[in-house]
Amino acid sequence: MQAKKTFSFVLPLLVFLFLWEALARSGLVSIALFPPPTRVFSALFALLSEGFMLDILASIKRALAGLVLGSFLGVLIGLATGRISFVDKNLSPILHIFRALPPVALIPLFIVWFGIGDSSKVLSIALAVLFVAWLNTHIGAQRVPVHYIRAASMLTKSGGGLKTMKDVVFPATLPFSIAGIRNGIAIAFIMVYVSELAGASQGIGYWIEVSQMTYAIDKMVAALAVLGLLAAATDTAFVKLTQRVFPWMQKL
Amino acid sequence: MALHNLSVGYDGRKVLENINLTLKEGEFVSLVGRSGVGKTTLFNAICGFVPFQGKVIAPKQLGYVPQEHSLFPWLNVSENISFGLVNHSAEQARRVIGYYLNVTGLQEHAEKYPDELSGGERQRVAIARAFAPQPEVVLLDEPFGALDVHTRDKMHQWLTSFSEKERKPILFITHYLDEALFLSDRVLVLQEKSRMKDFEVGFQRPRKEEIKFSPEFMSLKKRILHAFE
């Protein structure tokens, strides 16, 4: 069963790599501008021998820190705006205005405010993730079926507000929040790349930029592939983690 | 529990008008009536879910079981039962959960999630969850409405012996007269314009399935059916 699963995952990937290799070597496109996977692999090994692993780790650290911070705040604020009408009325309009701003455009401002170091990068990633996590959680929290809320309020007549929020609204909203965070994962890796283009001396984005300037297209593609794989791996790990922590959710 | 001149209106239309009702200690009362006469609205007013005029004298701790799907899908059977046990120590809660797993016959399913249970099992958990915090009155809103006939009959048997053990006043909404007669000490028919007819059900307890076929049962059922008109 496991072997079959692995095979069904690996086979399309092998076909894709084969077609890519064939196209790159067919003469229809320039091999320098469109390097085949074999060249990209050797470029990746070359990069790794130049210490690329440290850059990968730096990018992972920034993306994950921003992702965790943004998701946590987004879910927390979403629960509040989704369920507490006073908070919704006062906070949601402001959040909608800020949500419309492209987070990428805030990076220069964040550099001015928080410096060139990791904090401006992590905070700009967190801000971008916050809005998707917030909006999804907000919508989910508003749609918690009324019979759950009523059942909880009857069972915990006195002072059950916080318990209802923690034990009913939060789990009932989770599928929405998780969808938001999965969007946030993709956004976090876009943001880590963009934030490393400006004012970074380390990171995958930094290497993509450097490779472009030195016209090392194979290294550029290798770094891009690593970025894409990292985002996909983070998403898969996140899904597996949620399935393990919240086993009931698969059956909803 | 008592209701005095209870009225509920939506959008300028009166759904319930001047309802008076008293529930005595340990009494099982069923509320029947055509769809739309306001049975569930009456429950919603008692629970404080909708605004109303008049007076509701109800204990602070009310048990409430809605029609279906009220169990929390993210909690297993034990966790659902213990949801209302907010002021219990871990040891007390464990004892209460153990008791209700036993009376619902769900000891084997304590760790299961609601979607892994049958419809009848789910409703037994919902009823146990409502009783666990020891409410003074329990409201059941068509708890067996979605079950098949066979399961429903089994649930009637279970609920009569369960309610006889618990001795709590119960107000029960149903569409099925057989169910109302089999379970109750009194059947209230809610008619159009909020008129209410009251029928005593004097069958001896413990009740057996066979009484549903007795002439007394049939004749009372006929009288109640007339009150629907």
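Chain identifiers are assigned alphabetically (A, B, ...) following the order of the sequence lines, protein sequences preceding nucleic acid strands; residue numbering begins at 1 within each chain.
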Select all residues of residues 93-111 of chain B having any heavy atom within less than 4.5 Å of some heavy atom of chain A, and report them by number, or 'none'. none
Compute both the distance and the angle, then confirm whether B:Arg124 meets the cation-pi test with B:Phe162: under 6.0 Å from the six-membered ring centre, within 45 degrees of the axis. no
So what's closer than 4.5 Å to chain A heavy atoms on B:Asn76: side chain, backbone, both or neither? neither
Do the ring planes of B:Phe83 and B:Phe72 sit parallel (below 30°), tilted (30 to 60°) or perpendicular (above 60°)? tilted
In terms of heavy-atom proximity below 4.5 Å to chain A, should B:Leu71 be classed as side chain, backbone, both, or neither? backbone
Determine whether a donor-acceptor pair (N or O, by modelled atom type, separation under 3.5 Å) exists between the side chain of B:Gln123 and the backbone of B:Pro143. yes
Under 4.5 Å from any heavy atom of chain A, what part of B:Ala130 do you find: side chain, backbone, both or neither? backbone
A:Val146 versus chain B, heavy atoms under 4.5 Å apart: side chain, backbone, both or neither? neither
Give me the ring orientation class for A:Phe131 and A:Trp134: parallel if the planes are under 30° apart, tilted from 30 to 60°, perpendicular past 60°. perpendicular
Aromatic rings B:Phe172 and B:Phe28: how do their planes relate, parallel, tilted or perpendicular, breaks at 30° and 60°? tilted
Side-chain ion pair, A:Glu196 and A:Arg62, N-O less than 4.0 Å: yes
Between A:His96 and A:His138, what is the ring plane arrangement, given parallel below 30°, perpendicular above 60°, and tilted in between? perpendicular
Between B:Tyr64 and A:Arg150, is there a cation-pi geometry (under 6.0 Å to ring centre, at most 45° from the normal)? no
